[in-house]
2 protein chains.
Amino acid sequence: MTAGQSAPSIWMRPERSAVGRPAQRSRAEITCAAVGIADREGLDTVSMRRVAAELGTGAASLYRYVETRDELLDLMIDAVGGEHQLPGPSGDWLADLVAIGEQSRTILRRHPWLPGLVIARPVIGPNGIALLEHVLAVLERHPADVATKLEAFAMLNGVTAAFVQYELGGGAALQERNVAYLQHAVSSGEHPRLAELLSQGPPAPAEGGHPAGDGVCADGGVPADPVGRYAHLITRVLSGLLGPAPGAA
Amino acid sequence: MTAGQSAPSIWMRPERSAVGRPAQRSRAEITCAAVGIADREGLDTVSMRRVAAELGTGAASLYRYVETRDELLDLMIDAVGGEHQLPGPSGDWLADLVAIGEQSRTILRRHPWLPGLVIARPVIGPNGIALLEHVLAVLERHPADVATKLEAFAMLNGVTAAFVQYELGGGAALQERNVAYLQHAVSSGEHPRLAELLSQGPPAPAEGGHPAGDGVCADGGVPADPVGRYAHLITRVLSGLLGPAPGAA
DNA sequence: GCGTATTGCGATCGCTGTACCCAAACTAGT
DNA sequence: ACTAGTTTGGGTACAGCGATCGCAATACGC
């Protein structure tokens, strides 16, 4: 009767019916295959036919589980969101949120197709809700209003995605082209300040490990390793949005 | 001889040759048409045929100007980057960078397809170089090393894109679905802290204007209007990466 | 005017997302 | 045990996509 006619969300439809011929596959199985293909061969090789072939079935069958390809992408996004581990609040909300961000960074680096996708398509599913609920729980006693907390959640995800995409340089091929063009632009004249940039560390921004100390350093210094840099950045973002840390200065 | 065989970058190829039949169109003209379509009808209606039709020509003709569709997307990204106005450094690098960020936010909101695209495809062209050069000029006397300045540049773009995408909610349709699912999830049980979120301000995060004061407020307070919130956020990010403001405490 | 270099673009190929249709496989009711 | 109803499996088909090819048209240097 009062139905909003636009297909609401895949997670509001029941996965399988009680009657009729039972399904041979599941959303999770299809999602897992799609994520595997994206990890291995890139996001735009994830076609319905390719995923179906991976599962040994026909492309049309997938449409019993998913209405469109975009819905499959939604499932993929939420599925990797489930890779988070969410321990109980420690009492230090800043530390808890930074820990979540560091997990997110690891997850995003594991699935290089994710940063671009999650920004273009900020969809929320069961795992996204669990994450949001966890963040709200961490911030339960924080005096900020809900809108601010929601914004902090969005920025925790968004800033992390942006940072990882910067770390990865948008993929090796693209980064190579960018560097080549930068050199070209510098050599043919006009940009004096770019020269010093290219004479130093442009080719590979960073790698993944944690070679040095594991995080936030004394206020004022900027860490050298990527993990420390990320922690430093996300700490500033979060304390900027939510005020300074609870106990710390 | 020493050629890296992968097609280097569209901006390293000359746009037109001196000899032979002269071209009837230009990269700029095609780019402009494509941006117009994307603004009006969304990014994924930007097909080669559609753009060609807009220009009254055939799809194959466009491949004289652009090698692939992705290259057209690169042109679009860089073209809107040219909408920035870059005044000379004022001496206060933080204020200058925040001003750039606010321009970026306006531009990104004008082209809602951009945030997702620029994160997924962080390509740099002439306008991107001009912007980078400008940022480096603003930071000329800043003591940080080049890698840190480059990171600040990347985060200025990345964080702004993430913020705008959060403001826009990923498009009306997607936001509607998300809200519907959140309500569904809350009503069917488990997530206590989500309830208070939905009882308050979830449907539209923000609108664009600048109803109240125009920016950074006294330290400690968090502004209410979106413009102030953005300024607050980007200020925290930049001073987090580059140390505190030059004159200010 | 003639060779040479470039562009314009219709025709075409392989691939994509997805609608349609019917056979197969299951449950519920009798 | 049979029928009626409901759902899934998946082959086929279609419109549209990005991209290639080949040829006619159009310019310049000589």
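Small disclaimer: the values here were computed from a predicted structure and weren't measured. Protein chains get the first letters and strands the later ones, always in sequence-line order, with residue 1 at the start of each.
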Set out, in order, the CA-CA distance, both residues' side-chain angles and the distance that settles salt bridge (Lys or Arg N to Asp or Glu O under 4.0 Å) for A:E71 and A:R27, then state yes or no.
CA-CA 11 Å; A:E71 248 181 21; A:R27 284 179 187 171; over 6 Å; no
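- The phosphate of C:dC9 (OP1 or OP2) has a side-chain N or O of B:S61 nearer than 4.0 angstrom.
- Residues B:L136 and B:F153 form no side-chain contact, since every pair of their non-hydrogen atoms from C-beta on lies 4.5 Å or further apart.
- For the pair A:E15 CD and D:dT7 C1', the computed distance is 14 Å after rounding to whole Å.
- Residue B:L62 contributes atom CG, which lies 12 Å from atom C1' of C:dT7 at whole-angstrom precision.
- Side-chain contact, B:R229 with A:T148: a donor N or O sits under 3.5 Å from an acceptor N or O.
- Donor-acceptor pairing under 3.5 Å is recorded for the side chains of A:T160 and A:Y230.
- Following rounding to the nearest Å, B:Y65 (OH) and C:dT7 (C1') show an atom-to-atom distance of 7 Å.
- Taking side-chain N and O atoms only, B:S17 has a distance below 4.0 Å to OP1 or OP2 of C:dT6.
- What separates CG of B:D44 from C1' of C:dT18 is a distance of 15 Å, to the nearest Å.
- No side-chain N or O of B:D44 forms a donor-acceptor pair with one of B:W113 less than 3.5 Å apart.
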Generate the contact string for nucleotides 21-30 of chain C. Rules: B means base contact, S means sugar-phosphate contact only, - means no protein heavy atom under 4.0 Å.
B--BBB----
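- Under the 3.5 Å distance criterion, the side-chain polar atoms of A:T106 are matched with a main-chain donor or acceptor of A:E102.
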Can B:D74 and A:R177 be said to form a salt bridge (Lys or Arg N to Asp or Glu O under 4.0 Å), step by step?
CA-CA 12 Å; B:D74 291 346; A:R177 284 220 310 268; 3.2 Å; yes
Going 5' to 3' along nucleotides 14-19 of chain D, which nucleotides have protein heavy atoms under 4.0 Å from the base (write B), which only from the sugar-phosphate (write S), and which from neither (write -)?
---BBB
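- Checked against B:E54 for a salt bridge (Lys or Arg N to Asp or Glu O under 4.0 Å), the options B:R40, B:R49, B:R25 give a single hit: B:R40.
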